[in-house]
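Following: one structure in structure tokens, then a few remarks.
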Amino acid sequence: MIEDPRDTRSRPQPELSALPVGESPVLRVLPMPADANGNGDIFGGWIMSQVDLAGAVLSARLARGRIATIAVKEFVFRQSVSVGDLLSLYARVVAVGNTSVTVAVEVYAERNPADPIVVKVTEAQLTYVAIDRQGQRRPIPRPLPADIPLPPGSA
Ligand SMILES: CCCCCCCCCCCCCCCC(=O)SCCNC(=O)CCNC(=O)[C@H](O)C(C)(C)COP(=O)(O)OP(=O)(O)OC[C@H]1O[C@@H](n2cnc3c(N)ncnc32)[C@H](O)[C@@H]1OP(=O)(O)O
């Protein structure tokens with residue numbers, strides 16, 4: 001039987017959340033109908049690409065140039081995303097190495113404008129490597145910028 005996407009009875013009830021207090025999203029984005037799968041939910045792959053872009057923002061600032069994604073640690077999709085949701089993506093630097101930057105990204109969806117709720121959609125940890133024009137790894141320039149919050153011990 002094909003599931004009716006408007007029928008929410010059989011779906012897990014959303015865990016109510018709130019947007020992180022005192023933080024600004026690095027990216028806000030609205031999924032469009034073309035980003036939806038056959039069930040009417042937004043493709044996980046589309047969400048993953050938004051997370052990759054969100055993680056790249058702080059990494060590119062720290063690398064002061066080109067970067068490449070080298071690794072992504074575990075995506076767990078906790079809630080589905082629908083057309084009409086507003087996604088906010090928050091990023092936090094968790095490590096800065098010699099050539100790499102590791103960033104934790106969290107994704108929240110705001111929905112139902114008449115009675116707004118916020119749900120946490122997913123989170124992931126991504127590592128980016130600073131690369132030169134030939135695509136070879138290069139050191140992250142030091143000193144690191146003072147305006148990006150960094151974990152203790154980063155220098
Ligand atoms: C002013 C405006 C600003 C804001 C404006 C923002 C704009 C935002 C732009 C959008 C930006 C697009 C963002 C998408 C970017 C792609 O989609 S890139 C496409 C997908 N990725 C690729 O094609 C990469 C392919 N891989 C490669 O080319 C090579 O592996 C690389 C990246 C050159 C690295 O070379 P390598 O010899 O393999 O590197 P290796 O020495 O083994 O490791 C390098 C570093 O990675 C770490 N590493 C290696 N493996 C792992 C692993 N499995 N896990 C964790 N770390 C690892 C190492 O520990 C090392 O770190 P450090 O200790 O040096 O810090």
Side-chain angles (χ1 to χ4, degrees), residues 5 14-15 17-113 116-155:
E15 226 174 273
S17 190
L19 295 177
V21 177
E23 290 180 47
S24 302
V26 290
L27 199 65
R28 276 204 162 117
V29 64
L30 285 164
M32 291 289 145
D35 307 316
N37 61 28
N39 296 327
D41 298 321
I42 299 302
F43 279 112
W46 181 87
I47 298 168
M48 289 161 79
S49 69
Q50 304 307 311
V51 170
D52 195 13
L53 290 172
V57 172
L58 295 181
S59 305
R61 285 190 179 135
L62 285 168
R64 291 187 227 160
R66 295 177 65 178
I67 53 171
T69 315
I70 190 162
V72 179
K73 205 189 267 182
E74 196 182 49
F75 269 97
V76 179
F77 292 100
R78 301 186 185 284
Q79 298 291 335
S80 57
V81 173
S82 305
V83 173
D85 287 355
L86 173 61
L87 295 189
S88 296
L89 294 94
Y90 293 80
R92 177 173 48 86
V93 177
V94 296
V96 185
N98 179 35
T99 65
S100 69
V101 178
T102 299
V103 177
V105 177
E106 295 184 343
V107 184
Y108 294 83
E110 291 173 78
R111 58 181 56 147
N112 192 20
I117 62 167
V118 176
V119 294
K120 186 169 180 179
V121 170
T122 192
E123 60 195 327
Q125 193 167 293
L126 304 92
T127 301
Y128 301 83
V129 175
I131 55 170
D132 62 20
R133 291 209 161 273
Q134 286 69 46
Q136 301 300 310
R137 66 183 192 274
R138 63 178 172 85
I140 303 291
R142 262 60 178 192
L144 300 173
D147 60 339
I148 297 178
L150 298 171
S154 309

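As the structure lists them, so they are numbered: ligands from 1, and atoms in each ligand from 1. What you see below is based on every heavy atom in this structure, not just the backbone, and it leaves out hydrogens, waters and symmetry mates.
Under the 3.5 Å distance criterion, the side-chain polar atoms of D52 are left unmatched by any main-chain donor or acceptor of G55. The backbone N or O of L150 sits nowhere less than 3.5 Å from a side-chain atom of S154 that would complete a donor-acceptor pair. The closest donor-acceptor contact from the side chain of R138 to the backbone of I131 lies under 3.5 Å.
Here the side chains of R61 and I148 are in contact, with some heavy-atom distance below 4.5 Å.
Among residues two or more places apart in sequence or in another chain, the ring pair (Phe, Tyr, Trp, His ring centres under 6.0 Å) test is passed with F77 by F75.
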Quick check for students: name every N or O atom pair between ligand 1 and the protein closer than 3.5 Å, with distances.
residue  : atom   : partner : partner atom : Å
ligand 1 : 21 (N) : T69     : O            : 2.9
ligand 1 : 37 (O) : R137    : NH1          : 3.1
ligand 1 : 41 (O) : R137    : NE           : 3.3
ligand 1 : 61 (O) : S100    : OG           : 3.0
ligand 1 : 64 (O) : T99     : N            : 2.9
ligand 1 : 64 (O) : T99     : OG1          : 2.6
ligand 1 : 65 (O) : N98     : N            : 2.8
ligand 1 : 65 (O) : T99     : N            : 3.0
ligand 1 : 65 (O) : S100    : N            : 3.0
ligand 1 : 65 (O) : S100    : OG           : 2.6

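Salt-bridge annotation for R78 and E123: present, with a side-chain N of the basic residue lying under 4.0 Å from a carboxylate O of the acidic one.
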